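Below is one structure, written out as structure tokens; the observations come after it.
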2 protein chains.
Amino acid sequence: MSRSRRRPAASGTSVTLKDVANRAGISVATASHAINGTRKVKDETRDDVFAAIKELGYSGHSIARSLRRGRTAMLGLVVSDIENPFFAMLASHVQRAAAARGYQLIFANSEERADREREIVEAMSAQRVDGIVLAPVAEQNVEFLSMRRMPLTLVNRRFPNVVSPYVVVDDFAGASLAFDHLWNLGHRTIAIIHGDEHQSTTISRVAGIRESYQRRAHVFDETLSINAGRSGDAGETGLVALLARIPRPTAILALSNWSLLAAIRGMHRSLLRCPDDVSLVGYGVTSPYWVPAAAITMVEQPVTDIANNAVQILLDQVEKNVTVEPVVLRPLLTVGQSSGPPAIYRAEP
Amino acid sequence: MSRSRRRPAASGTSVTLKDVANRAGISVATASHAINGTRKVKDETRDDVFAAIKELGYSGHSIARSLRRGRTAMLGLVVSDIENPFFAMLASHVQRAAAARGYQLIFANSEERADREREIVEAMSAQRVDGIVLAPVAEQNVEFLSMRRMPLTLVNRRFPNVVSPYVVVDDFAGASLAFDHLWNLGHRTIAIIHGDEHQSTTISRVAGIRESYQRRAHVFDETLSINAGRSGDAGETGLVALLARIPRPTAILALSNWSLLAAIRGMHRSLLRCPDDVSLVGYGVTSPYWVPAAAITMVEQPVTDIANNAVQILLDQVEKNVTVEPVVLRPLLTVGQSSGPPAIYRAEP
DNA sequence: ATGAAAGCGCTAACAT
DNA sequence: ATGTTAGCGCTTTCAT
């Protein structure tokens with residue numbers, strides 16, 4: 001006898017597994033097993049189940065499944081600035097990699113703010129995502145997640161004092177690659193524009209430049225180095241001043257996406273063209289809406305590899321409960337049309 | 001007596017509401033009500049509950065809550081190209097608006113492909129999101145969601161034959177705005193670059209141009225119109241050809257983000273500068289990594305308003321079950337440094 | 001090869 | 001003001 005005195009879920013006309021089982025004339029257990037392939041089911045029964053599914057338009061209830069299984073099949077992705085083409089591309093590829101392995105992606109933008117990041121990781125934690133890919137802002141939020149045993153993979157930046165799997169690019173090597181390219185072309189007066197000096201990426205890249213000079217028994221002229229930060233026009237303004245010097249730097253090495261933008265604008269304002277007036281090498285990603293491939297000589301961050309590796313080692317933790325090793329990827333120098341020998345080697349004196 | 005013969009959820013050491021209730025020496029009902037404020041609880045008891053929560057590090061289980069309540073507090077966002085700065089900004093603002101109202105955001109990128117879009121909406125549907133903000137690709141997928149009674153708000157594009165709430169910008173008015181600006185400066189030979197001709201946005205914008213000519217008893221010279229599509233360099237190449245014409249167009253009107261990029265590249269290749277050689281007006285969004293505000297005269301899509309309205313009318317459907325009216329926003333012309341009177345009005349003949 | 005039924009952790013109707 | 005408990009829809013153990 002049916003009492004039905006409770007009608008909590010606003011389930012509407014939602015069709016459940018029980019409905020499917022009834023329609024197929026079997027038990028919910030068998031229906032479940034038929035769907036998931038978790039145990040042998042007679043072919044005929046299985047066909048009945050799928051027929052019923054189709055007829056009723058059943059589509060499963062992943063919330064109920066998650067509650068029972070203790071897994072949500074959802075991953076979190078936290079980026080620090082979705083308008084930065086690097087993170088836009090990262091989001092795109094992480095989402096694709098996650099989907100390919102049966103996971104949905106919850107996405108959020110911390111806007112480089114530690115408090116936003118805290119809210120986000122707490123919300124994702126409460127939402128019981130199975131793991132998080134995090135482009136971290138504040139060390140303390142990483143610790144919060146570690147404390148709660150949340151499977152975690154850091155990308156882009158990492159913190160020396162925090163043990164957590166990460167996927168980064170060898171920025172020291174990348175900067176050296178760019179420097180060697182310019183040096184071998186004959187450049188000796190190279191302007192450097194870099195991002196926020198507190199970030200591990202900037203530190204490694206600048207260290208790479210410094211070491212490249214040392215290796216050649218040269219001194220790194222600090223006055224040729226500009227901090228473009230991550231917003232504002234300090235980089236652009238600084239570069240304009242630098243390009244007005246005599247003798248003028250023969251090359252510009254922009255060590256981040258934002259720096260590259262500053263460099264392009266500064267050159268434009270100085271009415272200089274590359275590679276004729278000055279060579280330009282960037283560091284970051286290429287994307288149609290941003291810098292088209294091969295237009296500018298670039299140290300390319302392998303964003304697809306970063307995304308794939310991040311998802312891979314995150315799911316290794318989630319599914320196999322395996323302790324994973326950090327991944328350090330090699331950047332690649334793509335020679336484009338923006339760099340060439342310094343003018344002095346060509347025509348005029 | 002405890003039997004505990006089942007240990008399904010890999011819950012680890014997860015602390016539940018029951019633990020909190022035990023610790024506070026009360027029932028789970030009271031604990032629940034204290035947390036949610038769903039009924040009167042004695043102040044002292046309430047304090048005990050929150051003390052217990054803090055001590056045990058309890059953080060709720062939104063999966064269980066979702067199952068019981070029939071709501072997930074999650075919204076879906078499907079964009080067609082996350083690398084396009086318009087959608088990157090949209091994602092950022094939709095996520096923020098959703099978070100402000102207590103909703104998490106599931107995000108996905110359809111890459112302009114109907115089949116990807118289908119997978120995505122099916123997955124989100126199975127995930128029981130409470131509603132979806134969709135930048136649609138295929139009409140049929142919109143119908144699929146309508147059929148399943150999924151609360152839905154379309155953005156950017158809409159389909160004439162589908163009834164579904166939407167938030168769009170008045171593209172007809174926006175194009176007229178841009179045209180009037182150029183016309184009033186004295187331009188009469190205006191090159192048009194637009195996006196994919198099958199999209200409703202392109203159709204409205206081009207119609208706006210056409211009508212603007214008619215209103216002035218002029219004929220729209222179709223040979224001045226270029227289709228830049230949404231990728232490739234057709235726009236750039238077409239523009240270079242157009243700018244080689246004699247007499248040269250005195251202005252370029254780029255009717256989409258992608259068209260604007262094509263225009264900038266085409267001008268660059270033609271060694272022309274704006275506004276001195278030719279005026280340029282764009283249509284889309286401004287963003288530091290893309291086109292900085294005020295650098296280029298632009299019809300700006302009010303992306304923050306789009307996002308806020310989309311979330312607003314989506315949640316009106318979800319929470320109030322209200323039938324909502326579509327929203328048509330007015331675009332805004334921002335005059336920047338890229339447009340001025342045609343050269344003929346200034347110095348040379 | 002299949003079923004019966006116990007919960008996953010929570011909310012809320014029905015108690016007191 | 002608080003407690004008891006059914007049940008959201010599913011997976012999975014135990015039993016047949």
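What you see is a predicted model; the values in this text were computed from it and never measured. Letters go in sequence order (proteins before strands), and every chain restarts at 1.
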Rounded interatomic separation in angstrom, taking CG from Leu67(B) and P from dG7(C)
17 Å

Residues at least two apart in sequence or cross-chain that pass salt bridge (Lys or Arg N to Asp or Glu O under 4.0 Å) with Arg116(A), listed by chain then number, are Glu111(A), Glu119(A)

From Leu77(B) CG over to Met124(B) CE, what is the distance, rounded to the nearest 0.5 angstrom?
7.0 Å

ring-ring contact (aromatic ring centres under 6.0 Å, His included) against Phe107(A), all qualifying residues, sequence neighbours excluded:
Phe107(B)

Can you list every pair that meets side chain to side chain donor-acceptor pair (under 3.5 Å) and has a residue in residues 313-326 of chain A, with sequence neighbours left out?
Tyr103(A)-Glu319(A), Thr153(A)-Gln317(A), Gln312(A)-Asp316(A), Asp316(A)-Lys320(A)

Would you please confirm or rule out a distance under 4.0 Å between OP1 or OP2 of dA1(C) and any side-chain N or O of Thr45(A)?
no

If you define the side chain from C-beta out and look only at heavy atoms, does anything of Asn156(A) sit under 4.5 Å from Phe87(A)?
yes

Say whether, by atom type as modelled, one donor and one acceptor occur between the side chain of Glu117(B) and the main chain of Asn141(B) under 3.5 angstrom.
no

side-chain hydrogen bond (donor to acceptor under 3.5 Å, both in side chains) partners for Asn109(B), two or more places apart:
Ser92(A)

Quick one: is Ser27(B) getting a side-chain N or O under 4.0 Å of the dT4(D) phosphate, OP1 or OP2?
no

Just the rounded figure in Å: distance from P of dT5(D) to NZ of Lys18(B).
12 Å

Atom-to-atom span, CZ of Arg128(B) to P of dG9(D) - whole angstrom:
9 Å

Rounded to the Å, how far apart are Ile26(A) CD1 and dG3(C) C1'?
10 Å

Looking at residues 31-41 of chain A, who's got a heavy atom less than 4.0 Å off DNA chain C?
Arg39(A), Lys40(A), Val41(A)

Between P of dT2(D) and CD of Glu44(B), the distance in whole Å:
9 Å

Could you check how far CG of Asp48(B) sits from P of dA1(D), rounded to whole Å?
15 Å

Measure CZ/Arg46(B) against P/dT2(D) and give the value in whole Å, please.
12 Å

If we only count heavy atoms from C-beta on, is the Arg128(A) to Ser59(B) side-chain gap below 4.5 Å?
yes

If you take any heavy atom closer than 4.0 Å to DNA chain D, which residues from residues 52-66 of chain B end up in contact?
none

Provide, to the nearest angstrom, the distance between the CG atom belonging to Leu17(A) and the P atom belonging to dT12(D).
13 Å

Between Asp81(B) and Glu112(B) (side chain of the first, backbone of the second, donor and acceptor by atom type, cut-off under 3.5 Å), is there such a pair?
no

